[in-house]
> 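Quick one: this structure, given as structure tokens, is what I'll be asking you about.
Just so it is clear: chains get the letters A, B, ... in the order the sequence lines come, proteins before strands, and each one is counted from 1.
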Amino acid sequence: MRVPYIVLDTDHLHAVVEYVSRFGAFAFDTETTPPYRAVPALNTVTWISLATYGMAVVIPMGHEKGDKVIGSRKEPYLTPTGLTRHRTVYEWEPAPPQLRPSQVFEALEPLMFSDRLKICRNAPFDLGSIAKYYDGRPPAKPYFDTFLNSVLQDENRLNGLKHRVKSIYGHIYDKEDVGKKVETHCFSTVARYAYLDAKYTWLLWKRERDACAAEGLSGVLALEHDVIDTVLEMILNGAPVDGDVLADLGVQLDERLVHYEAEIYRLVGRQFNLNSSKQKAEVFYTPKKDGGLGLKPAALTKGGKKKWAKGEELTVHDFSTDADALKPHSDHPVIKLMLDYQRDQKLKGTYVTGILGDPEQDKPCLIVNGRIHGSFKQVGARTGRWSSAEPNLQNIPSRGEEGKKIRAAYRAEPGYKLVVADYGQIELVVLAHFIGQGALFDGFHKGIDPHTMTAALVFGVSVEDVTKEMRSVAKGLNFAIVYGAGPRTVAEMAGVRLDEAKKHMATHRKMFPEVYAYKAYVIEEARATPDCHTRTILGRKRRLPDLRSRDEEKRAAAERQIFNAKIQGSATGDLIKLAMVRLIALLPDEAELIMTVHDELVVHTPEEHVPLVEAALREAMLGDGIQRLVRVPLTSDQSVVDRWSDAK
DNA sequence: CAATAGAGCGCT
DNA sequence: AAAGCGCTCTATTG
């Protein structure tokens with residue numbers, strides 16, 4: 001039977017293209033298969049669906065599984081425990097003959113490279129995935145991303161297509177998560193699913209395209225749409241990594257881990273799982289007379305705190321074994337070894353095995369052709385910050401001897417350099433900008449480091465007489481402002497006693513009254529709006545209904561969050577994104593933007609273009625078009641390095 | 001057996 | 001009473 005919405009031949013395909021080309025906008029969606037299904041640079045597109053006024057179709061291009069089972073057999077397999085079991089394997093009829101990707105993408109080229117509006121949900125994924133069929137060129141602008149549009153309207157809800165469709169139309173159309181593994185589902189199921197994805201993307205565009213404008217969010221939406229180009233740059237380029245460096249480090253870490261493990265077992269007198277916080281707590285906190293080390297617990301776990309608040313009985317398992325809790329006992333030989341073990345285990349598991357993969361654990365290697373194609377999510381954080389995953393390139397170690405060795409594996413290819421640029425104190429700059437006066441503001445205008453400035457006022461000395469210790473306290477105090485930290489955190493950070501921290505915080509409040517007044521103002525202003533929101537420098541909204549919670553703890557948390565969101569969202573949400581959009585326009589073709597780490601940008605470039613790239617970064621990050629938004633001078637640090645670890 | 005929660009930890 | 005993330009490992013739950 002011919003299903004009119006499934007395109008299986010060239011006549012139908014050309015009729016579809018002809019129809020779509022009558023209009024100025026269309027939606028499309030892709031379904032992809034392994035290897036690297038979730039990586040646009042590497043995956044294979046096996047379905048593309050299109051929707052426009054009065055029409056939606058789906059085009060399969062190599063889906064194998066048909067609709068009917070035509071046989072079955074029993075197949076033996078080994079369980080992880082080494083037992084042989086049998087499972088039933090079904091044989092499916094083949095799917096109907098389909099068009100080849102080359103035919104489909106050739107026919108779609110006039111649409112994809114026209115000035116028609118391309119509407120997607122998660123545009124970077126779809127645009128990036130089909131770029132490989134056009135010599136690496138993503139479809140041409142303009143784009144509209146209904147996911148960005150949804151998130152900007154409400155960052156607190158679930159914004160996946162399924163969730164929005166269910167909430168708006170009451171239609172639940174994907175109970176099985178078909179898109180997660182299309183090749184395992186039968187032909188008709190995927191056809192229907194892919195068709196509905198495009199159709200609903202189209203309908204949501206029609207329904208909600210103007211919703212952002214109604215909330216004063218057009219500017220941010222336009223910025224986020226421009227940012228799509230920068231996402232495509234990063235995810236398609238990938239970050240160059242030397243897998244051999246990681247492999248060597250892995251061997252070294254393994255040797256040490258084996259040593260720590262043996263020593264700990266010997267000293268404790270028995271074996272236990274060193275990765276289990278439950279077992280560690282038993283060993284460390286059980287009294288000596290009962291066979292434990294009898295250490296005095298320093299802190300509770302999150303769950304332990306809850307139990308304590310409810311007045312429930314605590315067990316050893318409610319006491320934390322994290323590094324902070326163990327530190328006071330670091331003179332104990334077992335704890336000393338344990339801290340080393342925990343550190344190296346983290347590095348090995350997350351940053352060596354996690355990247356190189358492990359066939360035994362069925363983990364893939366993330367380095368392909370010398371590059372890691374992570375996924376960057378432009379609205380990954382509710383503040384508007386970027387997030388990064390698979391792998392997370394924003395938490396590659398930077399401190400410590402071993403950590404630096406890991407970061408050293410991220411390096412320029414031969415004949416190339418990394419140009420690394422980061423904003424100086426961007427969050428405090430933004431804070432001073434918003435306040436528009438006071439010591440911090442004046443200090444920035446005089447080119448004085450904000451922590452030094454704070455120290456001078458809090459300790460009553462001149463800027464020249466600020467010591468390292470004073471600056472460290474001041475750093476903690478500034479940290480406390482932006483994050484809403486309390487005296488305990490400040491004391492911990494600055495390495496001073498609790499009463500001293502309290503005293504310094506009181507002095508800070510006296511010397512920087514405008515900071516506290518501003519903070520209170522932001523919170524009250526937000527609380528007075530119907531949806532309890534504040535706005536960032538470019539107008540992005542952060543809504544925190546808990547500002548009106550009767551629960552004091554929740555309310556206080558919301559107050560910290562909303563103030564932090566205004567600062568964090570402006571600095572590492574809005575400004576870095578604007579700088580990235582500006583940068584893309586200025587970079588020479590041969591240079592590649594490969595990463596952003598909140599206030600830092602990393603560009604990979606042929607050596608001969610280094611001066612050009614440095615100038616482009618300066619102009620993008622500090623030039624008039626961005627500086628005029630901020631009443632405080634912006635600054636940046638730039639390094640030209642071979643290895644990422646060498647950037648200052 | 002797979003999915004989820006909790007602890008813990010890497011980064012800005 | 002420390003903001004925002006994502007990943008790994010264990011232990012528990014369905």
> Would you indicate what A/K306 reaches in the nucleic acid, counting non-hydrogen atoms under 4.0 angstrom: base, sugar-phosphate, or nothing?
nothing
> What protein N or O atoms touch nucleotides 7-9 of chain B N or O atoms at under 3.5 angstrom, if any, and at what distances?
| from | atom 1 | to | atom 2 | distance (Å) |
| --- | --- | --- | --- | --- |
| B/dA7 | OP1 | A/T301 | OG1 | 3.2 |
| B/dA7 | OP1 | A/G303 | N | 3.0 |
| B/dG8 | OP1 | A/T321 | N | 2.7 |
| B/dG8 | OP1 | A/T321 | OG1 | 3.0 |
| B/dG8 | OP2 | A/S320 | OG | 3.2 |
| B/dG8 | N2 | A/K346 | NZ | 3.3 |
| B/dC9 | OP1 | A/A323 | N | 3.1 |
| B/dC9 | OP1 | A/Q342 | NE2 | 3.2 |
| B/dC9 | OP2 | A/A323 | N | 3.1 |
| B/dC9 | O2 | A/K346 | NZ | 2.8 |

> Is a side-chain donor or acceptor of A/H373 paired with a backbone partner of A/I235 at a separation under 3.5 angstrom?
yes
> Should A/S549 and A/D551 be marked as a side-chain hydrogen bond (donor to acceptor under 3.5 Å, both in side chains) after you check the CA-CA gap, both sets of side-chain angles, and the distance that decides it?
CA-CA 5 Å; A/S549 172; A/D551 181 333; 5.3 Å; no
> Counting only heavy atoms and a strict 4.0 angstrom limit, can you tell me which residues of residues 542-567 of chain A come near DNA chain C?
A/R560, A/Q561, A/N564
> So which heavy atom on A/W644 is nearest to which on A/V420, and how close?
CD1-CG2, 4.1 Å
> Among residues 371-379 of chain A, which ones have heavy-atom contacts with DNA chain C below 4.0 Å?
A/K377
> Do A/K577 and A/W386 form a cation-pi contact, if we require the NZ or CZ to be under 6.0 Å from the six-membered ring centre and within 45 degrees of the ring's axis?
yes
> Output the single nucleotide from C/dA11, C/dC7, C/dA3 whose closest atom is nearest the side chain of A/N392.
C/dC7
> Counting only heavy atoms not in A/Q252, do more than 12 fall under 6.0 Å of its CD?
yes
> Picking from B/dT12, C/dG4, C/dT10, which would you name as closest to the side chain of A/N275?
C/dT10
> Among C/dA2, C/dA3, B/dC11, find the nucleotide with the atom closest to the side chain of A/Q568.
C/dA3
> Can you tell me if A/S276 touches the phosphate of C/dA11, counting only side-chain N or O atoms and a distance under 4.0 Å to OP1 or OP2?
yes
> 5'-most contact on DNA chain C: A/G354 or A/K305, nearest heavy atom basis?
A/K305
> Does A/R399 put a side-chain nitrogen or oxygen below 4.0 Å from OP1 or OP2 of B/dG10?
no
> If only side-chain N and O atoms of A/Q361 are considered, is one of them under 4.0 Å from the OP1 or OP2 phosphate oxygen of C/dT8?
no
> What's A/T572 touching, base or sugar-phosphate or nothing? Going by heavy atoms closer than 4.0 Å.
nothing
> What are the residues of residues 418-429 of chain A, sorted by number, that bring a heavy atom to within less than 4.0 Å of DNA chain C?
none
> Checking A/N156 against A/R542 for the side-chain hydrogen bond (donor to acceptor under 3.5 Å, both in side chains) test, could you report, in this order, the C-alpha distance in whole Å, the side-chain angles of both residues, the deciding distance, and whether it holds?
CA-CA 9 Å; A/N156 293 320; A/R542 177 74 178 106; 2.9 Å; yes
> Taking only residues two or more places apart in sequence, or in another chain, which ones meet A/Y516 in a ring pair (Phe, Tyr, Trp, His ring centres under 6.0 Å)?
A/H508
> Should the pair A/F272 and A/F284 be assigned to parallel (<30°), tilted (30 to 60°) or perpendicular (>60°) ring geometry?
perpendicular
> Report yes if a side-chain nitrogen or oxygen of A/R382 is closer than 4.0 Å to either non-bridging phosphate oxygen (OP1 or OP2) of C/dC5; otherwise report no.
yes
> Would you say A/R385's side chain and A/Q378's backbone share a donor-acceptor pair under 3.5 angstrom?
no
> Short question: side chain of A/Y351, backbone of A/N395 - any donor-acceptor pair under 3.5 Å?
yes
> Give me the bend of the helix from B/dC1-C/dG14 to B/dT12-C/dA3, using the axes of the five pairs at each end, rounded to 10°.
10°
> Determine whether a donor-acceptor pair (N or O, by modelled atom type, separation under 3.5 Å) exists between the side chain of A/N237 and the backbone of A/L593.
yes
